[in-house]
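The chains referred to below are lettered A, B, ... by the order of the sequence lines, with proteins before strands, and numbering in each begins at 1.
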Amino acid sequence: MVWNVNLPDAEWHSPRAPLALQGTPAGSSWRFDIEPLVREIADHDLIALDTETTGLNIVKDTPLYWSMSWTMNSGKERRVCMPSDTLPYFSSIFKDANKRWVLANAKYDMHILANVGILLAGECCDSQVMHALLYEEQSHKLKDMAKEVLGWKWTDFKDTFGILKDKSIQESLVWMEHNNLDKLVEYASNDAYGTLKIYHTLKKELEEAITYSAYPNEFRSMADIFFKTEMPYTKVLWKCERHGIKINADYLASISGPAQAEIEQLEREITHAAGRPLNVNSTPQLRQLFITELQLKPLTYTNGGKSGIKQPSVDADFFDHYKNEVPLAKLVLQYRELTKLKGTYIDGLSRQMDPFHRIHTRFNQDVARTGRLSSSEPNLQNIPTAENDKFKLRGAFIPCDDKHELIVIDYEALEMRLLASATVGTHGNPEGAKDMIQIFLDKKDIHMGNAALMMGKRFGVTYEEIVAAKKMDKYVKEGKEPKERLTDRMIQCLKWRAQVKNIAFGLNYGMRENKLARDLGIEKSEAAALMEAYMDMHPAVRAFFQEAVEETEKTGFSYTFIGRRRFHPEIHSKRDMERFEAQRKAVNNNIQGTAADVVRFAMLNIDAESLDYHYGCKMLLQVHDELVFECPKETVAAVKPIIRERMEHPFYTDMAVPLTVAMGTGESWLNAK
DNA sequence: CACTCAAGCGCG
DNA sequence: AAAGCGCGCTTGAGTG
């Protein structure tokens with residue numbers, strides 16, 4: 001219930017008599033007139049829509065009531081609520097491709113409607129995504145947006161219907177229709193009405209949010225970013241969610257028992273080694289044992305959270321450090337690794353399968369501040385990679401049947417390529433980081449190339465020598481070669497590569513010598529010298545980082561390549577910590593955000609190819625720089641070059657460094673790499 | 001019992 | 001003096 005705003009009448013339209021005939025109180029009216037409503041709606045192409053549902057599950061829940069809001073030609077605003085059995089009357093409206101639907105958390109309602117056979121042919125405009133582009137630090141939930149954007153004071157679902165604690169969402173809603181129809185209609189119709197009001201306000205604000213883009217004609221304001229990239233993206237992502245990915249349920253079931261047995265065995269060993277039962281999942285218990293009783297010196301301290309009380313960390317680094325002198329430390333590491341795999345992935349994924357053993361993640365467009373997606377319920381963007389997973393869980397992600405394969409495509413060193421491209425033009429230097437760009441043009445591994453450049457003069461090491469070392473390392477790991485063949489010099493080469501890689505990534509995140517020294521186990525001065533050497537090797541990289549900070553100081557924002565912007569109010573903070581943090585975020589947003597733009601454009605490009613229609617090929621997953629498709633075996637060969645082309649040329653023009661992808665196909669996510 | 005927070009850890 | 005970006009899930013522990 002909104003109580004500080006004048007609202008249009010809340011209308012209840014139903015083909016059947018109200019369940020509660022004890023009168024419809026003032027402010028709402030009950031009519032049997034659905035057909036006139038359909039004719040009225042047909043004339044309008046901007047409609048807000050919202051559903052009240054049986055629950056929050058996108059696979060199985062369905063609409064109970066639904067609401068629409070629009071503005072009549074006369075200027076009169078309408079907000080109507082209906083029971084879900086009116087939905088079929090509006091099928092011609094839903095099939096109208098010229099409509100623009102406005103929804104808060106659009107993909108959710110699109111799933112709920114699809115669960116009763118309704119697809120929205122028109123544009124789907126998510127007001128939460130609009131809000132996220134302008135107010136990335138705020139909540140984008142409908143009620144919170146209404147408060148911030150419109151100044152509405154609005155009782156949320158829980159407070160409106162929460163009087164029935166022991167009842168489900170469905171029971172609460174139906175109870176309300178029986179006992180207080182007016183309250184139901186008022187609440188539900190307002191979800192749509194508020195969404196429409198927010199749309200109009202945010203559209204204007206997006207248009208006024210001028211940005212800097214490499215394509216100023218295409219992207220002048222954040223409204224261009226939203227309507228040209230984010231709004232169509234919503235539908236693409238909805239299709240990925242809707243299709244889901246098949247899980248080999250038998251495989252998950254088959255490893256659950258053995259994993260549990262291993263955990264229990266470890267528990268017994270830990271009890272024996274500790275001399276008493278110990279809950280390894282309890283951080284305080286671990287601190288008590290390892291810090292207080294065994295008197296081990298802490299390596300780092302926790303953040304302390306709200307209270308600010310910093311405690312010794314008992315994380316993986318800590319136990320790794322002491323694993324040789326304290327056998328129990330090694331057991332704790334093994335226990336943590338196993339329980340993580342079992343709890344989060346084996347059991348977690350098993351819980352999330354639909355009846356056909358498919359998992360439908362949610363790709364959230366309004367969470368990551370950089371423009372990346374996030375994935376939840378379950379998160380499919382943090383499934384362990386093969387090297388860290390003895391159960392090989394990616395092998396459990398499979399195509400729908402044996403006539404299909406998975407296609408897995410990764411961008412190669414995407415962020416490094418974007419960084420190299422972005423150095424062109426910094427400080428008026430048209431060549432940019434030309435040595436780094438050359439490594440890419442020569443189709444070399446960037447970290448080996450950098451290592452050879454940096455260590456070459458001092459240690460006489462060549463690119464080819466590092467390649468050979470990496471190759472030998474791989475063979476030794478695969479058991480193809482005895483480990484004696486990996487010479488000390490080769491190990492040194494690998495170390496150099498790892499160091500340079502650490503520096504390169506670290507710089508993208510704003511890392512300082514303290515952290516590098518800790519990571520590499522070297523002196524702070526040595527770490528500082530390494531970072532300086534790296535920057536001296538690529539002066540344009542240093543210039544790029546400087547310019548990124550300067551631009552943010554000047555405008556308050558950082559900007560991706562296409563002009564997606566992020567606000568950094570702390571860039572002028574007097575407190576060093578805050579200011580440095582803003583600088584790190586600004587620098588990183590350029591790179592991570594541009595990478596997110598690349599992948600978003602690639603997915604839009606691929607969607608426009610209608611691969612499903614032409615080849616039966618469906619896009620399923622995005623993992624930041626990786627896409628997963630499910631494709632009939634006989635069309636794989638035709639589809640692959642299309643995907644490659646669309647991914648390697650995402651924008652209107654190419655950048656200084658070409659983008660490349662690595663493709664693989666197979667019977668699972670594991671062996672398609 | 002339901003909720004929140006902190007710590008830890010999986011991914012890019 | 002301090003300083004690695006971006007996410008989501010599980011657990012234990014504390015609170016209402």
Side-chain angles (χ1 to χ4, degrees), chain A residues 136 158 162 165-166 279-287 300-319 332-333 335-349 351-352 361-364 366-389 393-394 410-411 413-416 502-519 524 531 558 566 570 575-593 595-596 599 621-626:
Chain A
E136 56 264 50
K158 211 166 132 273
K165 264 172 92 178
D166 54 329
N279 185 351
V280 186
N281 289 320
S282 166
T283 308
Q285 282 191 41
L286 289 178
R287 245 179 232 130
T300 53
Y301 288 81
T302 65
N303 278 330
K306 239 180 184 173
S307 68
I309 302 167
K310 291 186 190 289
Q311 307 258 37
S313 285
V314 283
D315 56 13
D317 275 352
F318 175 83
F319 292 112
V332 169
L333 286 172
Y335 179 89
R336 283 226 177 115
E337 192 183 321
L338 268 175
T339 51
K340 176 94 179 180
L341 289 170
K342 173 84 167 37
T344 303
Y345 300 108
I346 301 176
D347 296 346
L349 291 176
R351 276 197 300 272
Q352 301 274 1
T361 186
R362 302 180 67 165
F363 286 115
N364 310 300
D366 56 1
V367 175
R369 273 59 160 181
T370 53
R372 270 190 177 185
L373 298 176
S374 84
S375 160
S376 60
E377 299 171 76
N379 182 355
L380 294 188
Q381 291 180 324
N382 74 342
I383 304 300
T385 53
E387 55 269 29
N388 302 316
D389 175 10
L393 281 158
R394 288 193 182 210
D410 272 279
Y411 278 102
L414 177 57
E415 295 196 355
M416 290 303 296
N502 203 323
I503 294 168
F505 277 128
L507 282 173
N508 291 355
Y509 303 147
M511 181 180 64
R512 300 286 287 234
E513 59 267 22
N514 258 338
K515 169 83 168 127
L516 184 67
R518 226 181 313 131
D519 272 13
K524 222 164 84 173
M531 291 173 72
S558 61
R566 176 177 174 186
E570 315 299 341
R575 298 169 61 164
D576 289 352
M577 281 275 276
E578 278 179 5
R579 197 171 65 254
F580 293 147
E581 189 182 344
Q583 291 173 359
R584 290 197 301 274
K585 286 176 175 172
V587 164
N588 180 252
N589 189 60
N590 280 322
I591 303 168
Q592 188 184 119
V599 179
L621 299 181
Q622 187 251 46
V623 190
H624 309 304
D625 62 356
E626 169 181 357

Hey, does [X] reach any base, or is it just sugar-phosphate, or nothing, if we go heavy atoms under 4.0 Å?
X: A:Ala316; answer: sugar-phosphate
X: A:Leu507; answer: nothing
X: A:Gly305; answer: sugar-phosphate
X: A:Arg362; answer: nothing
X: A:Thr385; answer: sugar-phosphate

Any strand is fair game: report the nucleotide pairing with C:dA3 by Watson-Crick or G-U wobble, both distances under 3.5 Å, or none.
->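 Check on C:dA3: unpaired, no WC or wobble geometry under 3.5 Å.
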Does C:dG16 pair with anything, Watson-Crick or G-U wobble, both distances under 3.5 Å, and if so, with which nucleotide?
->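 Base-paired to B:dC1.
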Relative to the 5' end of DNA chain C, which residue comes earlier, A:His624 or A:Lys524, by the nucleotide with the nearest heavy atom?
->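 Nearer the 5' end of the strand: A:Lys524.
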Whole-Å gap separating [atom2] ([N]) and [atom1] ([X]):
X: A:Asp389; N: B:dC9; atom1: CG; atom2: P; value: 16 Å
X: A:Leu414; N: C:dG6; atom1: CG; atom2: P; value: 18 Å
X: A:Arg287; N: B:dG8; atom1: CZ; atom2: C1'; value: 10 Å
X: A:Lys306; N: B:dC5; atom1: NZ; atom2: C1'; value: 8 Å
X: A:Leu338; N: B:dC9; atom1: CG; atom2: P; value: 14 Å
X: A:Glu570; N: C:dC5; atom1: CD; atom2: P; value: 14 Å
X: A:Asn303; N: C:dA2; atom1: CG; atom2: P; value: 16 Å
X: A:Leu380; N: C:dC7; atom1: CG; atom2: P; value: 18 Å

Hey, is the main chain of [Y] close enough, under 3.5 Å, to the side chain of [X] for a donor-acceptor pair?
X: A:Arg512; Y: A:Gly510; answer: no
X: A:Asn364; Y: A:Asp366; answer: no
X: A:Gln285; Y: A:Val280; answer: no

[X] versus [Y]: any side-chain heavy-atom pair under 4.5 Å?
X: A:Leu349; Y: A:Ile383; answer: yes
X: A:Asn508; Y: A:Val587; answer: no
X: A:Leu286; Y: A:Phe319; answer: yes
X: A:Leu414; Y: A:His624; answer: no
X: A:Arg566; Y: A:Lys585; answer: yes

Of the residues in residues 575-584 of chain A, which ones touch DNA chain C at a heavy-atom distance under 4.0 Å?
->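 Result for residues 575-584 of chain A: A:Met577, A:Phe580, A:Arg584, sorted by number.
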Out of curiosity, A:Arg372 CZ to A:Asn589 CG, how far, rounded to the nearest 0.5 Å?
->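 So the CZ of A:Arg372 and the CG of A:Asn589 are separated by 11.0 Å.
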Atom pair OG/CD of A:Ser376 and A:Gln381 - distance to nearest 0.5 Å =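 Rounded to the nearest 0.5 Å, the OG-CD separation comes to 9.5 Å.
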Between C:dA2, C:dC5, C:dC7, spot the one nearest the side chain of A:Gln592, thanks.
->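 Closest of the options to the side chain of A:Gln592: C:dC5.
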Which letters describe nucleotides 8-16 of chain C, given B = protein heavy atom under 4.0 Å from base, S = only from sugar-phosphate, - = neither?
-> BSSSSS---
Would you say a side-chain N or O of A:Arg336 is under 4.0 Å from OP1 or OP2 of B:dA7?
->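 For B:dA7, OP1/OP2 do not have a side-chain N/O of A:Arg336 under 4.0 Å.
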side-chain N/O A:Asn388 vs B:dC11 OP1/OP2, d < 4.0 Å =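 Yes, such a contact exists.
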Euclidean distance for C1', C:dA2 against B:dG8 (whole angstrom) =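 The answer is 23 Å between these two C1' atoms.
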When the P atoms of C:dA3 and B:dA7 are considered, how many whole Å apart are they?
->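 One P to the other, the span is 16 Å.
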Passing candidate, side-chain contact (heavy atoms from CB on, under 4.5 Å) with A:Glu581, options A:Arg579, A:Arg584, A:Met577 =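 Among A:Arg579, A:Arg584, A:Met577, the one meeting side-chain contact (heavy atoms from CB on, under 4.5 Å) with A:Glu581 is A:Arg584.
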